[in-house]
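Below, chain A is the first sequence line, B the second, and so on; all start at residue 1. Excluded from the calculations below are hydrogen atoms, water molecules and symmetry mates; all remaining heavy atoms, backbone and side chain alike, are included.
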Protein chains: 2
Amino acid sequence: MNEAYERAAYERLEQRWKKISCLEHATSILDWDEATMMPPGAAPQRGDAVAGLELLKHEFVCASETQKDLQSALAGREQLSTWQQSNLLLMQRIVDRSALLPPRLVEETSKVVSASQMAWREHRKNNDWKNMLPHLEKVFQLKKEAAQILSQKNGRTPYECLMDIYEANLSEAKVNHLFESLRSFLPDFLKKVLKAQSEIKTVKASGPFAIAKQQKLGRMIAEKIGFNFERGRLDISHHPFCGGTPQDVRITTRYTEDDFLSSLFGVLHETGHAKYEQNLPAEWTTQPVGRALGMMIHESQSLITEMQISKGSSFLKFLLPLLKAEFTSASDSPEAWSLQNFVRNCSWVKPDFIRVEADEVTYPLHIVLRYEIERDLINGSLRVDEIPAIWDEKMRSYLGIDTSGNYKNGCLQDIHWPAGLVGYFPCYTLGALTAAQFFKALKEKHPQVNEELGAGNFKTVNAWLGENVYANASLYPAEELIQKVTGKPLDTEAFLAHLNERYLQAR
Amino acid sequence: MNEAYERAAYERLEQRWKKISCLEHATSILDWDEATMMPPGAAPQRGDAVAGLELLKHEFVCASETQKDLQSALAGREQLSTWQQSNLLLMQRIVDRSALLPPRLVEETSKVVSASQMAWREHRKNNDWKNMLPHLEKVFQLKKEAAQILSQKNGRTPYECLMDIYEANLSEAKVNHLFESLRSFLPDFLKKVLKAQSEIKTVKASGPFAIAKQQKLGRMIAEKIGFNFERGRLDISHHPFCGGTPQDVRITTRYTEDDFLSSLFGVLHETGHAKYEQNLPAEWTTQPVGRALGMMIHESQSLITEMQISKGSSFLKFLLPLLKAEFTSASDSPEAWSLQNFVRNCSWVKPDFIRVEADEVTYPLHIVLRYEIERDLINGSLRVDEIPAIWDEKMRSYLGIDTSGNYKNGCLQDIHWPAGLVGYFPCYTLGALTAAQFFKALKEKHPQVNEELGAGNFKTVNAWLGENVYANASLYPAEELIQKVTGKPLDTEAFLAHLNERYLQAR
């Protein structure tokens with residue numbers, strides 16, 4: 001072994017990842033197509049094709065040449081740049097994880113998950129738990145199998161091995177600790193908020209709110225805050241998401257004529273994800289280090305945009321006249337379009353069924369519920385057929401809501417489980433905590449930022465996020481990034497202070 | 001070598017083609033996406049990704065294991081079924097052709113062609129020949145290089161080697177012979193038709209024809225004649241095409257409010273292609289023998305639908321009331337919606353600029369023009385920068401039209417050259433000849449078919465095409481299929497008789 005040999009091994013790995021990124025490009029666009037464009041009868045063949053592509057990727061990642069080059073390159077890692085070193089360690093993580101999973105399991109999971117997502121679209125619509133159950137049983141069976149294989153190798157819990165796919169190195173202990181802090185705070189706080197709210201009134205604009213107008217406005221505001229439509233699209237899907245590739249980001253939302261806030265904040269949420277993707281360093285785009293960090297950091301970007309910024313009174317002051325111009329109708333009372341009423345409508349707290357439409361105060365309780373259920377499913381203390389009962393029980397106890405028999409807006413509301421995204425949910429609330437901690441740091445550095453947002457000026461925000469988050473891609477692990485950017489590890493302080501300020505003080 | 005070994009080799013080849021078909025699935029949908037959905041800024045990365053996928057496919061096809069298995073399977077081909085034997089011979093064709101082309105050339109062609117198509121969309125709009133020229137020079141340079149490599153190996157002309165990609169075994173001599181027959185007939189015939197036409201008048205409905213209505217109607221009629229929307233879509237693109245995969249066929253058209261016939265016959269044309277794809281035998285879908293035959297037969301399917309059937313007076317009788325119901329306006333004269341006037345409008349002959357909107361009489365002359373130009377470009381007797389001059393000269397001499405300076409509706413009107421589809425054009429007119437010969441055979445077998453079409457009944461047509469064309473996929477070579485179905489080799493007799501009947505007798 002010598003330095004030139006080790007460097008050549010590293011360079012072969014980069015070339016190999018360029019090939020892998022072509023396969024990933026294809027599956028990203030095919031996934032978007034499946035959710036937005038694909039005719040239903042194409043599902044079986046699409047399932048086979050995507051499974052085949054996943055298997056090809058798996059073969060590239062696990063090839064003996066890859067593993068050999070990895071060993072050589074690791075031996076000579078001191079001669080590499082910081083970015084190359086991080087890239088190499090990320091490759092090692094991917095190879096280690098993939099090499100443990102048998103190709104048969106990877107391919108079967110891809111097929112099962114594709115069929116299960118198509119089934120979910122149908123069965124959710126029909127509130128049909130019975131016919132969805134066998135699909136979910138297959139999905140969880142395969143996820144458990146994968147988790148156990150990984151767990152036996154690295155000694156972490158099976159559920160930790162699944163969380164690891166979405167955010168590296170999370171431990172159940174850490175998540176429990178943070179979630180305990182929320183759980184000990186939120187119920188009392190929620191009561192206080194609801195009590196305070198009972199003394200104020202809000203009025204709604206009468207509508208209906210034409211979908212074409214909502215689309216136009218969503219597009220305009222997404223562009224205003226930084227979405228680049230030269231390298232992205234906004235479409236419709238059953239469940240809003242951000243997909244595609246960094247050079248071609250595809251976000252979606254869903255519309256109803258009764259309400260414009262739901263689609264709009266859907267767009268703002270996905271735009272937060274999209275800006276992260278669109279501003280990753282282009283020169284690393286085919287390499288692991290050039291990708292977005294895990295989903296905790298990704299969610300911090302959607303939530304800093306949707307919750308910290310867009311639902312703040314400064315930005316709402318900017319937003320209101322734009323909405324008023326489109327959506328005022330003759331029968332609206334003047335109060336319906338007052339700033340105070342608008343701010344209250346945008347931060348109204350109401351324990352309700354649907355996670356993606358939940359307010360900031362109740363949202364974490366939705367996540368705690370899903371976290372507890374999927375963790376127990378994977379750890380084996382809960383069966384898939386018991387989901388509806390435990391769901392109903394927890395919704396009653398955490399949010400005071402009766403979901404019995406309402407699968408559509410209960411345990412079938414999210415695509416995550418049908419899509420096999422087990423271990424993903426905690427990232428949403430960890431992302432909310434991170435968003436609050438980031439925005440606090442941003443405001444300390446730039447005290448004028450709220451004033452700028454009130455004028456629809458995103459320059460400071462985008463420059464700060466660009467420098468501190470986007471440009472770093474996956475150079476540092478998440479915990480190191482949070483420490484660098486905010487000066488301390490992740491905790492609940494900024495988030496709880498934010499809730500207190502917005503939902504009690506400012507009322 | 002023994003039988004079991006040879007059979008196992010054949011089975012490994014089928015498995016390998018299953019993998020290849022996953023890559024082809026991806027590139028088919030990505031190609032459709034690029035033409036209909038992709039934001040322009042994503043083009044460079046998409047070009048890289050598709051080039052990478054093409055290269056992967058090339059590597060699979062040319063792998064030494066493939067070539068070794070091919071030799072073993074060929075040695076034992078007698079034990080295979082008829083379908084398997086055809087499949088094997090088609091694999092051999094693909095491997096032989098691909099193995100001769102260096103991966104560097106395949107990858108570069110894919111990238112150049114992707115950039116060139118994006119450039120064409122822009123430059124065509126701006127009538128900008130100068131900025132399109134370097135793209136076309138690169139494309140033709142690469143196609144010439146590929147043609148010369150193939151020609152040196154198999155002794156056929158370079159241009160024949162390119163035609164071969166779209167329809168197997170065409171010779172310049174055969175094409176020249178058929179095209180000579182057309183060229184000796186059409187100019188005089190065109191004069192007679194124009195003279196006869198000068199004595200009749202047509203009226204147009206006043207419009208405008210709302211695009212939403214055109215979309216609804218196009219969809220309804222496509223479905224009526226057999227397009228399956230459970231496994232397909234209809235969208236908009238700059239140039240109409242039929243893409244996707246047999247289980248997910250994606251057709252496109254383009255709309256203008258001034259005219260509904262252009263978008264409608266665009267849909268009918270692509271529906272002809274689509275029905276062929278959608279009705280190929282599903283059990284062979286991942287294998288070469290399960291694909292549609294070459295583009296000559298594919299065009300015969302679009303043209304039997306668009307020209308032979310849909311522009312025949314029987315089907316127009318069925319179509320007219322549907323159009324009338326949607327598009328009548330108060331200012332229309334009653335004559336505008338008479339059947340005689342409608343039939344005349346649908347079969348009006350007018351030498352004009354745009355090939356895809358040309359009538360059946362002048363269309364072959366557009367093709368002869370392109371055929372002569374691209375053949376001479378490849379054979380080296382013409383340079384790319386000479387295209388506009390020779391284009392203008394031939395348009396003047398064949399169709400009496402002055403195209404000078406009008407690149408947009410002249411030599412930049414088609415996507416074929418920017419897309420690297422050199423050798424494709426002759427298939428359109430060979431397809432027209434085949435369509436006429438097929439429809440003649442169909443009418444001889446089922447003399448009542450025109451009556452059925454007048455009632456919007458496609459059962460007989462679809463059953464005949466299903467049995468004679470769709471179900472055979474690539475089991476027989478094209479010339480053998482034509483002989484089997486019509487009892488004689490391809491000639492111009494049925495086509496010229498059809499033109500004579502529709503454009504002189506029936507007037």
Who among B:Ala282, B:Ala26, B:Pro40 has the most heavy-atom pairs with chain A under 4.5 Å?
B:Pro40
Mind checking which of residues 46-61 of chain A sit less than 4.5 Å from chain B, heavy atom to heavy atom?
A:Arg46, A:Asp48, A:Ala49, A:Gly52, A:Leu53, A:Leu56, A:Glu59, A:Phe60
Rounded to the nearest 0.5 Å, what separation is found between the NE2 atom of B:His25 and the CD atom of A:Gln45?
5.5 Å
Partner residues of A:Asn87 under the side-chain hydrogen bond (donor to acceptor under 3.5 Å, both in side chains) criterion, sequence neighbours left out
A:Tyr10, A:Gln287
Is B:Asp33 close to A:Arg250 at the side-chain level, that is, under 4.5 Å between some pair of heavy atoms?
yes
Measure B:Thr285 against the heavy atoms of chain A and call it side chain, backbone, both or neither at under 4.5 Å.
side chain
Anything in residues 230-243 of chain B with a heavy-atom distance to chain A below 4.5 Å? Please list those residues in order.
B:Glu230, B:Arg231, B:Gly232, B:Arg233
Do B:Leu23 and A:Leu23 have side chains that approach each other closer than 4.5 Å (heavy atoms only, starting at C-beta)?
yes
Output the residues of residues 110-125 of chain A for which the shortest heavy-atom distance to chain B is under 4.5 Å, in residue-number order; output 'none' if no such residue exists.
none
Option from B:Val249, B:Asn228, B:Asp248 for which side chain to side chain contact (heavy atoms under 4.5 Å, CB included) with A:Pro39 holds
B:Asp248
Hey, are the side chains of B:Ile29 and A:Leu30 touching, using non-hydrogen atoms and a 4.5 Å cut-off?
yes
